[in-house]
Asks: 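Here it is, the structure in full.
Letters A, B, ... are given to chains in the order of the sequence lines, protein chains preceding strands, and every chain is numbered from 1. Keep in mind that what you see is a predicted model, and the values were worked out from it rather than measured.
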2 protein chains.
Amino acid sequence: MKRLTLKDVARMAGVAPSTVSFVLNGKAKQMRIRDEVAQKIMSVVNQSGYEPHRVAVNLRTGQSKTLGLIVESISGSFFASLARTIETEAERLGYNVVYCSTENNAEKGGELIRMLGRQMVDGYLITPAPGMENEIRRLLQMHKPVVLMDSYFPGIKAPYVLIDNFHGVQLGMDHLFERGYRKIGYVTVDVSLIQLAERQRSYTQALKKKDIPFRKKRVLELNYHDSREQNLATLEAFIQENRDMDAIFFATNYLGILGLEAMGRLKISMPKQMAAICFDDHDIFRLYPPGITVIEQPIEGIAAKAISLLMKQLDKQSGPIKESQVALPGRLIVRSST
Amino acid sequence: MKRLTLKDVARMAGVAPSTVSFVLNGKAKQMRIRDEVAQKIMSVVNQSGYEPHRVAVNLRTGQSKTLGLIVESISGSFFASLARTIETEAERLGYNVVYCSTENNAEKGGELIRMLGRQMVDGYLITPAPGMENEIRRLLQMHKPVVLMDSYFPGIKAPYVLIDNFHGVQLGMDHLFERGYRKIGYVTVDVSLIQLAERQRSYTQALKKKDIPFRKKRVLELNYHDSREQNLATLEAFIQENRDMDAIFFATNYLGILGLEAMGRLKISMPKQMAAICFDDHDIFRLYPPGITVIEQPIEGIAAKAISLLMKQLDKQSGPIKESQVALPGRLIVRSST
DNA sequence: AATACTTACAAAATCGATTTAGCACAGGTG
DNA sequence: CACCTGTGCTAAATCGATTTTGTAAGTATT
């Protein structure tokens, strides 16, 4: 009834525990174990169905074979796609994944990282939230393998993987221009994340390139800490005051959804009265009539690349912390809102 | 630079490791450690910031302080709400949670459970999928703490927590009747889960109670294994053939979303031409004009109850496997689709 | 005064693996 | 024949905690 241990297997095979361990870890040759003995051991292992006690292995080797995935919100659709790819990739490589969400709370972010540290994860995949800078610096100092996703901190040279935000917005703007829209509004939020800055930079840049004057009035920056209702009201007011706009660019899917609701309330028909485009796709954008044009993030690509960067760090832990920064291109999905 | 161990703390405090352990585990009294010594130890611990090595504790005590949460799909909104509550509850109780999704794959479900077993989780929270019966039976045989959520297997007496499906549908049906709808269709899917059976039973029961004849033609059972497109087509055909219906009851939110799309394509205005109501809420139902009436699951309640049932099992592991089956009431959220 | 019993800790075993060091034997060398 | 070198394995240390057993000193008992 009790769990089978290495010792049991050794006894059953008539050898020492260490010998079994060598064979199981592929060091039979190196330790010059006779093929005969090795085969005997393997047959006993297979017949008995022995499996090493992960915890014991972990304690001894210091490797938990576990990765920590820290995301902003576990309910977000970004996370959902991310998690799937990361988990299957990780499993393929013999790693487990534990997920944690910061729930947009820097305090909690730090605590989570520490918690994962206690849990002894071998590496971290993090979508950084404002306020996590120090924790991430600490991880780097401790030479813990880390890969950031979706965002990064300019001052910190950690490997990261994200969508090419500038290029993505450009795609969207070009599309709008092509469709004849010129009076394009932009809705963002006051979170100090690099990707938002980048997106806005691309927006103004795109206008400039088209010789369309930038109008401050056309840009709305919502307050992250305001309530949903509050923001909705602000957004409605913004749209009302800019009735002459022919299109709105939403910087995140959260904002886009808010926009949908606002335009619904104002009974603005899309795209007739006003077009809408959003950075980052969402189920709703596909379903909501008439379907919202979006810039889709290459989430699978990001996940896969992130894992591979992390593995590179895990493999040669003594090797130099390769400074790998990757930006993958997004994809424009044209629906009927533009 | 290295990690602080119990031994280090002991040396720093001038006592034996065992003494430190006793103090840290609240056995100071029991082991008659002088307050003086205990305080000294505590101060050293606090100043040094020592934290026990989880893996070592795990190995020695056999308790991983980790729970396994197995859900159908990690991207589902049901999971999202569930995970949040469970994680915070678990953390409060000193437990970690590892998530796994079966991705609607019985094979994978079994493997997952085994994987978690290797990982040595202390208990399981599972939303069962067809085909996991045997794995769950095995867990029970091994006296592993298990709580099922959202569904259960009639033959297996494991504790479970779910919404009162019968009552939920009744709420919805009563609401439809109240609004004057009589020709009510029902859309379900051919997955052999008890909650679906229960919902359908409630639907027919409700009709009978109102003396409305049950018409087989009004019930559509989609094929789970068909593609989304395929199902959409089937659903559209079903609606076309039942143009005289005045309302449709969707048995799951997946079906409801499909319904939205189908009705959108057929340009059926809701609720004018046809009303819609769905079991289980979803973001889209709130946003999609005109807003879909739903029966909301008490997800937080389910999560909280499930955790508490699991903890009860974890506390007194020798105690009898209390056969606890809980059904929590759902809530009707009236929106404009009815 | 000898024995028993507390008190207050320390020492050592233990969890289940990995890994280093060691040991017995065979064969080759000077 | 003493000495060295491979072979092929075993013994023992180790990871960092918890828990059982031991033990010296002080107090109480007879």
Side-chain angles (χ1 to χ4, degrees), chain A residues 1-42 44-45 48-66 94 117-122 317, chain B residues 1-42 44-45 48-66 94 117-120 122:
Chain A
M1 201 60 216
K2 243 185 288 179
R3 199 182 215 284
L4 219 54
T5 76
L6 189 89
K7 232 163 148 182
D8 299 325
V9 174
R11 197 174 336 104
M12 284 151 69
V15 297
S18 39
T19 311
V20 178
S21 175
F22 292 138
V23 171
L24 283 178
N25 292 313
K27 298 186 180 157
K29 292 271 147 44
Q30 195 185 321
M31 287 293 137
R32 344 168 219 242
I33 311 290
R34 273 179 301 159
D35 280 1
E36 199 188 321
V37 177
Q39 276 169 30
K40 167 77 180 172
I41 289 174
M42 284 315 289
V44 170
V45 166
S48 64
Y50 164 76
E51 286 216 34
H53 194 295
R54 292 283 298 258
V55 178
V57 175
N58 184 347
L59 176 59
R60 182 62 234 245
T61 62
Q63 296 223 316
S64 62
K65 289 285 175 184
T66 300
R118 266 183 268 143
Q119 273 282 308
M120 319 238 68
V121 306
D122 292 340
Q317 78 272 51
Chain B
M1 202 58 217
K2 246 184 288 179
R3 201 182 212 286
L4 220 53
T5 76
L6 189 90
K7 230 163 150 182
D8 298 326
V9 174
R11 197 175 336 104
M12 283 151 69
V15 297
S18 43
T19 312
V20 178
S21 176
F22 292 138
V23 171
L24 283 178
N25 292 312
K27 297 186 180 159
K29 292 271 146 47
Q30 195 185 320
M31 287 293 137
R32 348 171 213 241
I33 310 293
R34 273 180 301 160
D35 281 1
E36 200 187 319
V37 177
Q39 277 169 31
K40 166 77 181 171
I41 289 174
M42 284 314 289
V44 171
V45 166
S48 63
Y50 164 77
E51 287 215 34
H53 193 295
R54 291 283 298 261
V55 177
V57 176
N58 184 345
L59 176 59
R60 183 60 236 244
T61 63
Q63 296 222 316
S64 63
K65 288 285 175 185
T66 299
R118 265 183 268 144
Q119 272 285 305
M120 318 237 69
D122 292 341

Asks: Arg34(A) near the nucleic acid: base, sugar-phosphate alone, or nothing, with a heavy-atom cut-off under 4.0 Å?
Replies: sugar-phosphate
Asks: Could you state the atom-to-atom distance from CE of Met31(B) to C1' of dA8(C) in whole Å?
Replies: 11 Å
Asks: Please give me the minimum heavy-atom distance between Arg3(B) and Asp8(B), naming the atom from each residue.
Replies: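 Heavy-atom minimum between the residues: O-OD2, 3.8 Å.
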Asks: Check the distance between dT14(D)'s C1' and Gln63(A)'s CD and give it to me in whole angstrom.
Replies: 17 Å
Asks: May I ask you to say what Lys7(B) touches in the nucleic acid, namely base, sugar-phosphate or nothing, with a heavy-atom cut-off under 4.0 Å?
Replies: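 The answer is nothing, as Lys7(B) stays clear of every strand by at least 4.0 Å.
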Asks: Specify the separation, in whole Å, of atom CG of Leu6(B) and atom P of dG16(D).
Replies: 11 Å
Asks: Give Thr5(B) one of three labels, base, sugar-phosphate or nothing, depending on what nucleic acid heavy atoms sit under 4.0 Å from its own.
Replies: sugar-phosphate
Asks: Would you check, one step at a time, whether the test side-chain contact (heavy atoms from CB on, under 4.5 Å) holds for Leu24(B) with Met42(B)?
Replies: CA-CA 8 Å; Leu24(B) 283 178; Met42(B) 284 314 289; 4.1 Å; yes
Asks: Side-chain donor or acceptor of Arg60(B) under 3.5 Å from a matching atom on the base of dT18(D)?
Replies: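 In this structure, the two groups form a donor-acceptor pair.
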Asks: Testing the basics here: between Pro17(B) and Leu6(B), what is the closest heavy-atom pair and its distance to 0.1 Å?
Replies: O-CD2, 3.4 Å
Asks: If only side-chain N and O atoms of Ser21(B) are considered, is one of them under 4.0 Å from the OP1 or OP2 phosphate oxygen of dT18(D)?
Replies: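 Checking Ser21(B) against dT18(D): at least one side-chain N or O falls below 4.0 Å of OP1 or OP2.
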Asks: Need one value for Thr61(B): base, sugar-phosphate or nothing, where a base atom within 4.0 Å counts as base even if backbone is also close, heavy atoms only.
Replies: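 The answer is sugar-phosphate, as Thr61(B) gets under 4.0 Å only of primed atoms, P, OP1 or OP2.
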Asks: Would you say that Val20(B) contacts Tyr50(B) through its side chain, given a criterion of any heavy-atom pair below 4.5 Å between the two side chains?
Replies: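 Result no, sub-4.5 Å side-chain heavy-atom pair not found.
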Asks: The side chain of Val37(B) lies closest to which of these nucleotides: dT18(C), dC9(C), dT19(D)?
Replies: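 Nearest nucleotide to the side chain: dC9(C).
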Asks: At less than 4.0 Å, is any side-chain N or O atom of Thr19(B) found next to OP1 or OP2 of dA10(C)? Yes or no.
Replies: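 So the side-chain polar atoms of Thr19(B) do come within 4.0 Å of the phosphate oxygens OP1 or OP2 of dA10(C), strictly under.
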Asks: Relative to the 5' end of DNA chain C, which residue comes earlier, Ala56(B) or Phe22(B), by the nucleotide with the nearest heavy atom?
Replies: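 The residue mapped nearer the 5' terminus is Phe22(B).
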Asks: May I ask you to evaluate whether Asn58(A) reaches the phosphate of dC15(D), defined as a side-chain N or O under 4.0 Å from OP1 or OP2?
Replies: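 Answer no for this pair, as no side-chain N or O of Asn58(A) is under 4.0 Å from OP1 or OP2.
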Asks: What is the separation between atom CD on Gln30(B) and atom P on dC9(C), rounded to the nearest whole Å?
Replies: 15 Å
Asks: Return the value, rounded to whole Å, for the distance between atom CZ of Arg32(A) and atom C1' of dT20(C).
Replies: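 Atom CZ in Arg32(A) sits about 13 Å away from atom C1' in dT20(C).
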Asks: Atom CG of Leu59(A) and atom C1' of dA17(D): how far apart are they, to the nearest Å?
Replies: 8 Å
Asks: Sub-3.5 Å donor-acceptor pair from the side chain of Asn25(A) to the main-chain atoms of Ser21(A), do we have one?
Replies: yes
Asks: Less than 4.0 angstrom between a side-chain N/O of Ser18(A) and OP1 or OP2 of dT19(C), yes or no?
Replies: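 For dT19(C), neither OP1 nor OP2 has a side-chain N or O of Ser18(A) closer than 4.0 Å.
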Asks: Using whole Å, what does the distance between atom P of nucleotide dT18(D) and atom CD of Glu51(B) come to?
Replies: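 For the pair Glu51(B) CD and dT18(D) P, the rounded distance is 13 Å.
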Asks: May I have the distance from Arg3(B) (atom CZ) to dT14(D) (atom C1'), rounded to whole angstrom?
Replies: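 It is 17 Å, rounded to the nearest whole Å.
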